[in-house]
Amino acid sequence: MPRFYITTAIDYVNGRPHLGHAYEKVLADAIARRHRQKGDATYYLTGTDEHGQKIARAAAAAGRTPEAFVDELSQTFVAAWKLLDVHYDQFFRTTDRKHHLAVQELFRRLKDGLSPKTGQPVLYEEEYIGLYCEGCEAFKTERDLDGKGRCPEHKVKPKEVKESNFFFRLSEYDDALLQHLESHPDFIWPDYRRTEVVNVIKGGLQDISVSRPNLTWGIPLPEEIEGGEGHVAYVWADALLNYLSALGWPERKYSLWWLAKQKDVGGPGAARQDEFQHLDGQGRPGAAWAGTKDAYYTNAFHVIGKDISRFHCILWPALLLAAGVPLPRQVYVHGFIYAKGERLSKSLGNLVDPVELTKTFGADALRFYLLDSFPTGRDGEFTLEQFVEHVNTHLANKLGNLASRTVTLVQKYFDGKTPEEWAPDSLVSDEAKQGFGALLAAAATTATESPKAWDEIRIHEALEHAWTVVERANEFVDRTKPWELGKDPVRRAELATVLNALLETLRLVAIWAWPALPSKCEALWALLGLQGNPGQQRDADAQPRFGAGDGRALGESVILFPRIDLKSVAGA
RNA sequence: GCCAGGGUAGCUCAGUGGUAGAGCAGGGGACUCAUAAGCCCUUGGUCGGGAGUUCAACUCUCCCCCCUGGCACCA
């Protein structure tokens, strides 16, 4: 069975979740649900990043201990994802004990490692003198400062700080990274992000500090590291490792999801046969897997925002190479959602609260807007007006109304049971025949194109295909005028055929749209009187089965997608 | 500055050589099963500017203008 391991960035808990966080989780959730729907064994990891000076400071400002502070804030993320129907398999926190142990193991491996070019220790200690801005929690170079020698963001002069840090010899991994990017062209999506990363690497990499002295809110370096007392791991050397530690790394069980046997590979890039490599018992490439002849394939699919692509495309693979862990399959770099032309930011005051939106309009309305209204993974612009318009048009007016009018007609003329008759030849007018042909053709096209678009993560295209079928169905209703057929007992077979075509259309749409709209598609499924769940329907079930109904009773007629009246949510 | 992407109807965008497209908004119409939704028809663009290649360019080449992203620590 194909296996699919998908992760999101873990969110830094110095504030509550905003729409950008929500977009990433919903996007990953839709991808994960698509894999589950196909029958792939799927593992979806998300969580929160809870260490670092900013959090320690925010906690202090709130008069709390860091522990209590992160406990509370991480719960706001858990609650938000629950509200949005984000179905993850594990919510991982970097304050988890097993994460501490894993980070320490990483440092031990770095300590023992030798650099690829000069064979020096991968980890080394060096005294560093620099200008440190406390607001940024970062060292600044002269170039970063404004004309008056101040941090442009915080408007304060950075302090000259002398401290001893441990450095990771990143500078020697440029060739290895370039080679990997060369032989794995789809390691980074989209292409232009890959180009950016290649340029950055070619411009030369600098060693990076991976520890922080004089900071307590973090993971202490292991005692094997001489001089490491009082240092904690740098937040990125800490945070990135969550993708492994959540799976149990360094215990071998991590390989259950991090790797896959050749026959079990799922997800993007699965067709690439040249990526298989043999691994030793530690999951290190190059040697045969202990006790088996199977080739293993790296299987991690990281979904991240474009702001952290350097960390995931350069630092992370370099750390993994140094630690002897196979690299992930792909880093999927998505765009940002903007509001009022600016990126979402607390200081700009244009944060859009996904929790409020969801409470007001429903999880599926927000999910649909995020997944359908702009191309998957690209930047998007949020406005309440566009949101309302998009949801009203597609969900309420088109799909919701089609379901509503179909169910009402079945209740009115067939006592709420699916008509057990199918007679396409009974359609008499040219208009009806053409409408019928157009509907069936659209359904056939979408049955082919929708799975393809889903698998290539062109979610907006997958949904567009499905909605084309909805549109053909609404046209078909108007062309065949079932309310007139209903008045004429002689034309009962024709009426039954029309309604069965509509019912089958709705069944298909419920399956095609389910990864994006899980709860509403399940409600639609129940409304259609169907057994089971659209999330359990495989691609074979998503092929058109136009024909006579089985006489089953439809569910109670409900408004699936209420129209949103912008005036009634004034103040929003 | 360098690298990348983009400038097409009021708005959001699709369209890589052969008589300019979609959705929404605007205008008109017929209908009434339905969530005042749906259906039909329709107004609207010198495709950022200029030059070139070609029988033919939104589409290829060159130059210019403008916007956006990246150039290591905010999803």
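Below, each value reflects all heavy atoms present in this structure, side chains not excepted, and no hydrogens, waters or symmetry copies.
- The nucleotide B/rA56 finds no pairing partner, because no Watson-Crick or G-U wobble arrangement with both distances shorter than 3.5 Å includes it.
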Could you please spell out the steps behind the ring pair (Phe, Tyr, Trp, His ring centres under 6.0 Å) verdict for A/Tyr44 and A/Trp81? CA-CA 13 Å; A/Tyr44 176 10; A/Trp81 307 156; 9.7 Å; no
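- Across every strand in view, B/rA14 sits unpaired, with no contact that passes the Watson-Crick or G-U test at under 3.5 angstrom.
- In this structure, A/Ile201 atom CD1 and B/rC2 atom C1' are separated by 17 Å, rounded to whole Å.
- Under 3.5 Å, the side chains of A/Glu50 and A/Thr48 contain a donor-acceptor pair of N or O atoms.
- As rounded to the nearest Å, B/rG44 and B/rC3 have C1' atoms that lie 39 Å from one another.
- Atom pair A/Asn392:CG and B/rC24:P shows a separation of 12 Å (rounding to whole Å applied).
- The CD atom of A/Glu471 sits 13 Å away from the P atom of B/rA22 (whole-angstrom rounding).
- The local environment of CD in A/Glu556 is sparse, with at most 12 non-hydrogen atoms from other residues, nucleotides or ligands closer than 6.0 Å.
- Across all strands, A/Ile208 comes closer than 4.0 Å to no nucleic acid atom at all (heavy-atom distances).
- If you take CZ of A/Phe311 and P of B/rC74, they are 7 Å apart, rounded to a whole angstrom.
- With rounding to whole Å, A/Lys306 atom NZ is found 5 Å from B/rG69 atom C1'.
- Here A/Leu402 lies out of heavy-atom contact (under 4.0 Å) with every strand.
- Rounded to whole Å, atom P of B/rU32 lies 13 Å from atom CG of A/Leu409.
- Taking a pair to require two hydrogen-bonding distances under 3.5 Å in either a Watson-Crick or a G-U wobble arrangement, B/rA34 remains unpaired.
- Contact between the side-chain N/O atoms of A/Arg405 and the OP1/OP2 oxygens of B/rU32 is not found at any separation under 4.0 Å.
- Taking atom P in both B/rG1 and B/rC64, the straight-line distance is 11 Å, to the nearest Å.
- Nucleic acid contact for A/Gly204: base, since at least one base atom lies under 4.0 Å from a heavy atom of the residue.
- With hydrogens and angles ignored, the 3.5 Å screen pairs a side-chain donor or acceptor of A/Asn500 with a backbone N or O of A/Glu421.
- Of the candidates B/rC39, B/rU35, B/rC3, B/rC39 carries the atom nearest the A/Asp478 side chain, counting heavy atoms from C-beta on.
- Comparing B/rC39, B/rU12, B/rC71 by their nearest atom to the side chain of A/Arg310 picks out B/rC71.
- Of the N and O atoms on the side chains of A/His302 and A/Gln330, not one donor lies less than 3.5 Å from an acceptor on the other residue.
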Kindly determine whether A/Phe387 and A/Phe361 satisfy ring pair (Phe, Tyr, Trp, His ring centres under 6.0 Å), including the steps that lead there. CA-CA 10 Å; A/Phe387 168 77; A/Phe361 304 114; 5.1 Å; yes
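- Straight-line distance between the C1' atoms of B/rC11 and B/rG17: roughly 30 Å, to the nearest whole Å.
- Residue-level contact check: A/Glu475 touches the backbone only, with heavy atoms under 4.0 Å from sugar-phosphate atoms and none from bases.
- One can find a donor-acceptor pair under 3.5 Å joining the base of B/rA34 and the side-chain atoms of A/Asn401.
- Atoms NZ (A/Lys481) and P (B/rC40) sit 11 Å apart, rounded to a whole Å.
- Taking atom C1' on both B/rC13 and B/rC71, the two are 29 Å apart, rounded to the nearest angstrom.
- Looking at which nucleotide of RNA chain B each of A/Pro375 and A/Thr406 is closest to, the 5′-most match is held by A/Pro375.
- A donor-acceptor contact closer than 3.5 angstrom links the side chains of A/His460 and A/Thr376.
- Of the candidate nucleotides B/rG23, B/rU35, B/rC33, B/rC33 has the atom lying nearest to any side-chain atom of A/Trp483.
- Using a 3.5 Å distance cut-off with no hydrogens or angles, the side chains of A/Asn242 and A/Arg93 do not pair a donor with an acceptor.
- Rounded to a whole angstrom, the distance from the P atom of B/rU32 to that of B/rA14 is 41 Å.
- Side-chain contact of A/Tyr243 with A/His312: a donor-acceptor pair under 3.5 Å is present, judged by distance alone.
- Rounded to the nearest Å, the gap between the C1' atom of B/rU42 and that of B/rU46 is 23 Å.
- Shown here, B/rC74 forms no base pair; nothing in the strands shown gives a Watson-Crick or G-U wobble contact with both key distances under 3.5 Å.
- Side chain of A/Ser404, nearest nucleotide from B/rU12, B/rU35, B/rC74: B/rU35.
- The side chain of A/Arg193 sits closest to B/rG69 out of B/rA4, B/rC33, B/rG69.
- The nearest whole Å value for the distance from the CZ atom in A/Phe561 to the C1' atom in B/rA37 is 14 Å.
- Nucleic acid contact for A/Ala9: sugar-phosphate only, since backbone atoms but no base atoms lie under 4.0 Å from a heavy atom of the residue.
- Between A/Arg563 and the phosphate of B/rA37, there is a side-chain N or O to OP1/OP2 separation shorter than 4.0 Å.
- Taking atom P on both B/rC60 and B/rU16, the two are 9 Å apart, rounded to the nearest angstrom.
- The nucleotide whose nearest atom lies closest to any side-chain atom of A/Arg479 is, among B/rC33, B/rA4, B/rC40, B/rC40.
- Nucleotides B/rA9 and B/rG48, compared at atom C1', are 16 Å apart to the nearest Å.
- Figure legend. B/rA4 is base-paired to B/rU68; pairs are counted as Watson-Crick or G-U wobble with both atom distances under 3.5 Å.
- Checking B/rC24, B/rA72, B/rU35 against the side-chain heavy atoms of A/Leu205 singles out B/rA72 as nearest.
- Both A/Ile10 and A/Glu196 lie close to RNA chain B; mapped to their nearest nucleotides by heavy-atom distance, the more 5′-ward contact belongs to A/Glu196.
- The shortest distance between the side-chain N/O atoms of A/Asn397 and the OP1/OP2 oxygens of B/rG38 is below 4.0 Å.
- Which of B/rA72, B/rU12, B/rC74 sits closest to the side chain of A/Gln206 comes down to B/rA72.
- Counting non-hydrogen atoms under 4.0 angstrom, A/Thr408 reaches the backbone sugars and phosphates but no base.
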